[in-house]
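The structure appears right after this line, and notes come after that.
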Amino acid sequence: MNILAIETSCDETAAAVVAEGREVKSNVISSQIDIHRLTGGVVPEVAARLQLEVIQPVIREALAKAGVGWQDIDALAVTFGPGLMGSLLVGVETAKTLAFAHGLPLIPVNHLAGHLYACLADEPDITFPYLGLIVSGGHTELVFMKGVNDFELIGSTRDDAAGEAFDKVAKLMDLPYPGGPEISRVAAMGDPEAISFPRAMLDQPNYDFSFSGLKAAVRRELVDRKLSKPELADMAASFEAAVVDALVRKTVRAAQAYRPRAVLLGGGVAANTLLRRNLAAALGTTKLLATPAELATDNAAMIGVAAYYLKDAAVSGPGLFDLAADPAAALAAA
Ligand code: KG4
Ligand code: ZN
């Protein structure tokens, strides 16, 4: 089964062809990073307009790179939420129109389900339950996954998402957008124990996170000071260690309580080497399935993988036009 997947939830315009939920035949991403760097972050109206300009060529390229034509496609898939309304609309309306024109079913996929299923792209045997940690620019969630479309939210951030914290702290430190990879690069030269930043909510008996206090602590350190390069590296390393520590400790605690078959680590921040390493070590005998690095930040292949498992939700014919973009779509039990 060849699925043509489309993802436009934020600032990437992406299309991919995925066979049987595991063979990524093409994975095309048109990134707006260079443009959002000028403003230090994503401006929603700009993001949506740029999506509209490139969506058609991106889809054509995904088909060409996979070496397939429309006659080889069995279904379309699209991210319907959560994300930016203007950006989501571009993908959803394009997918509906193409599905109607080519007489194909369309599988709606929650963006966060895509991040979780990306961890299962290379798994030969999918056996539930899993515990998922989703860490992206917009979300930080711990999810107990009991079946293909059966998600229980057990914890989330009370304020900033982990990726958002990386992006905001990078901005404070005059590092470019997106902040995650930049902070990691600078942190590699620093001492993670140089500054003792707060690890919020660790003493509370829940699986929630909070990163805004950490951001404020970094801001306090930076007030009226011009840091030297080594000081900047120490601050980046200490900040990264604090974020990773909070994520690892709550995830390990949840794994002990829920006893999943494996822990899934997905979302853009899953590309972080320290997080991957420390989480794997702290989980001990519980297996960690971290998203392959090339599928961690937003892409359409992860939507194509998820769609294969979620194909029962497909809509077709006139039913297509009932499908709506949902910027606040929750990942909840089906
Ligand atoms: O999943 P994603 O591509 O988009 C959303 O769904 O939000 O995640 C983007 C986020 C950004 O905040 C970015 O700074 C962060 O992922 N990120 C990282 C790394 N690579 C990307 N954070 C920490 N370390 C990284 N290596
Ligand atoms: Zn994402």
Side-chain angles (χ1 to χ4, degrees), residues 5-14 16 27 29-33 36-37 40-42 44 47 51 78-84 87-88 91 109-119 132-141 143 156-157 160-173 175-188 192 209 211 214-215 236-237 239-248 264-279 290-303 305-306 327-329 331:
I6 298 170
E7 149 68 47
T8 64
S9 66
C10 187
D11 59 339
E12 323 280 359
T13 313
N27 190 16
I29 303 172
S30 167
S31 168
Q32 305 177 358
I33 282 178
H36 296 305
R37 271 199 176 160
V42 178
Q51 300 267 13
V78 70
T79 303
F80 69 94
L84 301 171
S87 291
L88 286 168
V109 176
N110 182 300
H111 181 79
L112 304 179
H115 276 310
L116 290 176
Y117 272 103
C119 307
L133 173 64
I134 304 164
V135 271
S136 72
H139 294 83
T140 302
E141 297 191 349
V143 178
S156 59
T157 180
D160 292 346
E164 188 180 2
F166 271 101
D167 295 339
K168 287 180 174 171
V169 164
K171 207 169 178 179
L172 289 174
M173 294 172 67
L175 294 170
Y177 172 87
E182 291 294 328
I183 289 198
S184 282
R185 187 178 54 77
V186 176
F209 305 92
F211 295 110
L214 177 56
K215 178 188 63 195
F239 164 78
E240 184 181 46
V243 175
V244 167
D245 201 24
L247 292 171
V248 167
L264 312 182
L265 173 63
V269 184
N272 186 281
T273 314
L274 187 73
L275 176 59
R276 295 169 85 96
R277 200 171 55 218
N278 288 9
L279 186 55
T291 309
E294 70 278 10
L295 295 186
T297 47
D298 289 351
N299 64 84
M302 68 183 196
I303 302 303
V305 174
L331 187 58

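Both ligands and their constituent atoms are indexed starting at 1 by order of listing. In what follows, residues are counted from 1 in the order of the sequence shown.
Within the structure, the closest approach of Glu12 to ligand 1 does not fall below 4.0 Å when heavy atoms are considered.
Residue-to-ligand polar distances keep Thr297 apart from ligand 1: every N/O pair is separated by 3.5 Å or more. In terms of polar-atom proximity, defined here as any N/O pair under 3.5 Å, Gly268 does make such a contact with ligand 1. Residue Phe166 places no N or O, backbone or side chain, under 3.5 Å from any N or O of ligand 1. Ligand 1 has no nitrogen or oxygen under 3.5 angstrom from a nitrogen or oxygen of Gly267.
With sequence neighbours excluded, the residues that form a salt bridge (Lys or Arg N to Asp or Glu O under 4.0 Å) with Lys215 are Asp160. With sequence neighbours left out, the salt bridge (Lys or Arg N to Asp or Glu O under 4.0 Å) criterion links Arg185 to Glu182. Partners of His111 under the side-chain hydrogen bond (donor to acceptor under 3.5 Å, both in side chains) rule, at least two apart in sequence or in another chain, are Glu7, Ser9, His115, Asp298.
When heavy-atom distances to ligand 1 are checked against a 4.0 Å cut-off, His115 comes that close only through its side chain, counted from C-beta outward.
Put simply, the side chain of Leu275 reaches to within 4.5 Å of the side chain of Val248, judged on heavy atoms.
For Asp245 (side chain) and Ala241 (main-chain N/O), no donor-acceptor pair under 3.5 Å exists by modelled atom type.
Distances shorter than 2.8 Å separate the Zn ion (ligand 2) from the protein N/O/S atoms His111 NE2, His115 NE2, Asp298 OD1.
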